[in-house]
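Below: the structure, in structure tokens.
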There are 2 protein chains.
Amino acid sequence: MTAATATPTAKAETDPLGFDFVLDRRHPVADQIYDSLKAAIVQVKLLPRTSISESRMCRHFGVSRTPVRAAILRLSEEGLIDVYPQQGSYVAPIRLADIHDGHFIRKSLELSILTEAAARWTPEMSRQARDIVARGEAAIQAGDVEAFHVADEDFHHAFTGFADRPGVWPAILQAKTRLSRFIRLISHIISNAERLPVVIDEHLAVLDALDRGDAEEARARLDYHLDKIFKLFDQVPDPYRPYLTD
Amino acid sequence: MTAATATPTAKAETDPLGFDFVLDRRHPVADQIYDSLKAAIVQVKLLPRTSISESRMCRHFGVSRTPVRAAILRLSEEGLIDVYPQQGSYVAPIRLADIHDGHFIRKSLELSILTEAAARWTPEMSRQARDIVARGEAAIQAGDVEAFHVADEDFHHAFTGFADRPGVWPAILQAKTRLSRFIRLISHIISNAERLPVVIDEHLAVLDALDRGDAEEARARLDYHLDKIFKLFDQVPDPYRPYLTD
DNA sequence: ACAAGGACCCTAGTATACAAGAATATGTAA
DNA sequence: TTACATATTCTTGTATACTAGGGTCCTTGT
């Protein structure tokens, strides 16, 4: 995300916000702060309703308010931060309506993409997709949850390439981001050991159907896979309900 | 868009940019500039590849660079403005890839919405939709192209309400914005007298199918209606080609 | 004439200072 | 103790100054 390989000119002080960062003044600072904040929010390292004071962020990152404001502005448009003028900015609560809408959008787009991908499916595509699934399995074995999420995203991303619609991915990603925080929150709470391998199986089921040339079955499998998110609702313990809202 | 009814505290000087504005200092200036610029770009009053110098915009709007930058930042994320650091910012060209992607996204989402709306279709919905179509017809009679576009957008907007998915509309709108500039450019060139009434007929065809309870026919009608944009490609005269790109 | 170098002006990115509204704390009077 | 008025201190919004890089054009040297 941030340019970890570059020479850092500023380093985190003690970290009261729960996420670290490395600034590289050779690249636009606003972008790096945006990436850093977004990652922290999506991974629920910054909890919903957490105050995001511009001045505190300045001290935290060691920069002026200008790039911090630019980052917050971008995040507020994505619905990840709520800005109340003259009052404060806060990490947006995880809205159930957002989850429903994001799910609807994602499902509609991914199913459309899948249909086009199925129409031009090749063994090479199958090989690439299975490689990605294998990476996800390896991540589970290694206990690297973050790597698993990356592989999961890559899997869904790959189909936009297969369908020759790369420009559609950003729209899917935007919808998915709304769901991601909820999934990450669950991951913080519930054992991944039982949930993650199921994801792998469902991914493989889609690929198997595609390899058999059964597009309709593939659609049904993906539909089932995506709908599973709603089963997670029941698993949110009461202490975490305050992070959610209608 | 801007608060036209409020007491203006700043007014346009001579207008070299081709669009006017009224600033109301009681509301956030950045938002007003964003609205003003976006409207000018979408309506192709600001032509693609037009230079958007921050300092010129400052003088134009009579404000400092800060709110202008905020507006440009937002527009750059929507793909309406391209920012080249240390070089300049320009109204983005109308990219063919954007049109294809925007069309794909819009079609997928609107068809999904239509399916859900059809499942809960009521005479009241039909009445509301036909009222909107009537507004579009009246706009054509009055020669008010802008009012027609508003009614057209309202028509498509209404279905997200019928499907009880209001949160999906912003996503559709975002995809539609990419197409809008192309359609507006066409509107500047080609006679609307023959094209606009066809739109009305196609809208009514969708409603007729829904009233008959034929959801599949309604989907086919909407699909046909949305695909029509590609027929406009052939109608772009050569002198306007420079505004388009791959 | 032509090429290399430099001064200058343009651009966007960043830092800092100021303004205005909202919440809270505090002090005072009943 | 309670109610109200006020002052302080937060917050974000805006204005201005400064930095650094890119482009142009003019000058200068060959």
Side-chain angles (χ1 to χ4, degrees), chain A residues 2-3 6-10 16-17 21-37 46 49-77 79-92, chain B residues 2-3 6-10 16-17 21-37 46 49-77 79-92:
Chain A
T2 51
T7 306
T9 59
L17 288 173
F21 59 91
V22 178
L23 275 188
D24 178 3
R25 307 298 308 229
R26 297 174 308 180
H27 296 98
V29 185
D31 295 347
Q32 301 176 52
I33 294 178
Y34 167 80
D35 289 338
S36 178
L37 273 179
L46 280 175
R49 302 185 194 279
T50 302
S51 169
I52 302 287
S53 163
E54 292 180 1
S55 54
R56 244 204 329 277
M57 287 298 149
C58 293
R59 291 192 293 274
H60 184 68
F61 286 101
V63 298
S64 76
R65 276 182 60 206
T66 311
V68 170
R69 272 184 65 79
I72 290 179
L73 176 61
R74 292 175 64 182
L75 291 169
S76 74
E77 286 170 41
L80 292 177
I81 288 183
D82 293 333
V83 177
Y84 302 95
Q86 276 70 47
Q87 301 185 35
S89 304
Y90 303 89
V91 177
Chain B
T2 51
T7 306
T9 59
L17 288 173
F21 59 91
V22 177
L23 275 188
D24 178 3
R25 306 298 309 227
R26 297 175 308 181
H27 299 302
V29 185
D31 296 346
Q32 301 176 53
I33 294 177
Y34 167 80
D35 289 337
S36 178
L37 273 178
L46 279 176
R49 304 186 194 277
T50 301
S51 169
I52 301 288
S53 163
E54 292 181 2
S55 53
R56 243 203 333 275
M57 287 299 149
C58 293
R59 291 191 294 273
H60 184 68
F61 286 102
V63 298
S64 75
R65 277 182 59 207
T66 310
V68 171
R69 273 183 64 77
I72 291 180
L73 177 60
R74 292 175 63 181
L75 291 168
S76 74
E77 286 169 40
L80 292 177
I81 288 183
D82 293 334
V83 177
Y84 302 95
Q86 274 71 48
Q87 299 185 35
S89 304
Y90 303 89
V91 177

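Throughout, protein chains are lettered first and strands after them, A, B, ... in sequence-line order, and every chain is numbered starting at 1.
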Kindly say whether, by distance alone, the side chain of Gln86(A) makes a donor-acceptor pair under 3.5 Å with the base of dA22(C)? no
Against the side chain of Arg56(A), the closest entry in dT11(D), dT14(D), dG13(C) is dT11(D)
Checking dA12(C), dT14(D), dA23(C) against the side chain of Val83(B) (C-beta onward), the nearest is dA12(C)
Looking only at heavy atoms, the pair that brings Ala70(B) and Ala30(B) closest together is CB-CB, 4.1 Å
Note to self: Any base atoms under 4.0 Å from Ala30(A), or only sugar-phosphate, or nothing? Heavy atoms, all strands.
What the structure shows: sugar-phosphate
Residues passing the side-chain contact (heavy atoms from CB on, under 4.5 Å) test with Glu77(B), sequence neighbours excluded, are Arg74(A), Glu77(A), Leu73(B)
Arg59(A) atom CZ is separated from dT16(C) atom P, nearest whole Å, by 14 Å
Rounded to whole Å, the NE2-P distance (His27(A) to dT14(C)) equals 12 Å
Whole-Å distance, Glu54(B) CD to dT19(D) C1', equals 14 Å
* Asked: Side chain of Arg65(A), base of dG13(D): donor and acceptor closer than 3.5 Å?
  -> yes
- Under-4.0 Å side-chain N/O to phosphate OP1/OP2 contact, Ser55(B) with dC10(C): no
Classify the nucleic acid contact of Leu73(B) as base, sugar-phosphate or nothing, counting any heavy atom under 4.0 Å across all strands shown. nothing
Taking every heavy atom of Val68(B) against every heavy atom of Met57(B), the minimum-distance pair comes out as CG1-CB, 3.6 Å
Arg69(A) atom CZ is separated from dG13(C) atom P, nearest whole Å, by 16 Å
d(Leu46(B) CG, Ile81(B) CD1) to nearest 0.5 Å is 8.0 Å
Does Thr66(B) place a side-chain N or O at less than 4.0 Å from the phosphate oxygens OP1/OP2 of dT14(D)? no
Taking dA15(D), dA12(C), dT11(D) as options, the one with an atom nearest any side-chain atom of Ser53(A) is dT11(D)
All heavy atoms of Arg25(B) vs all of Gly62(B), minimum pair found to be NH1-O, 4.1 Å
For dA23(C), take OP1 and OP2 only and decide whether either is under 4.0 Å from a side-chain N or O of Gln87(A). yes
Atom CG of Asp82(B) and atom P of dT11(C) are separated, to the nearest Å, by 17 Å
Between OH of Tyr90(A) and P of dC10(D) the distance, given in whole Å, is 14 Å
To the nearest angstrom, the CD1-P distance between Ile72(A) and dT11(D) comes to 11 Å
With the side chain defined as heavy atoms from C-beta on, Arg25(B) is closest, among dT14(D), dT14(C), dA23(C), to dT14(D)
When rounded to whole Å, the CD1 to P distance for the pair Ile81(B) and dA12(C) reads 10 Å
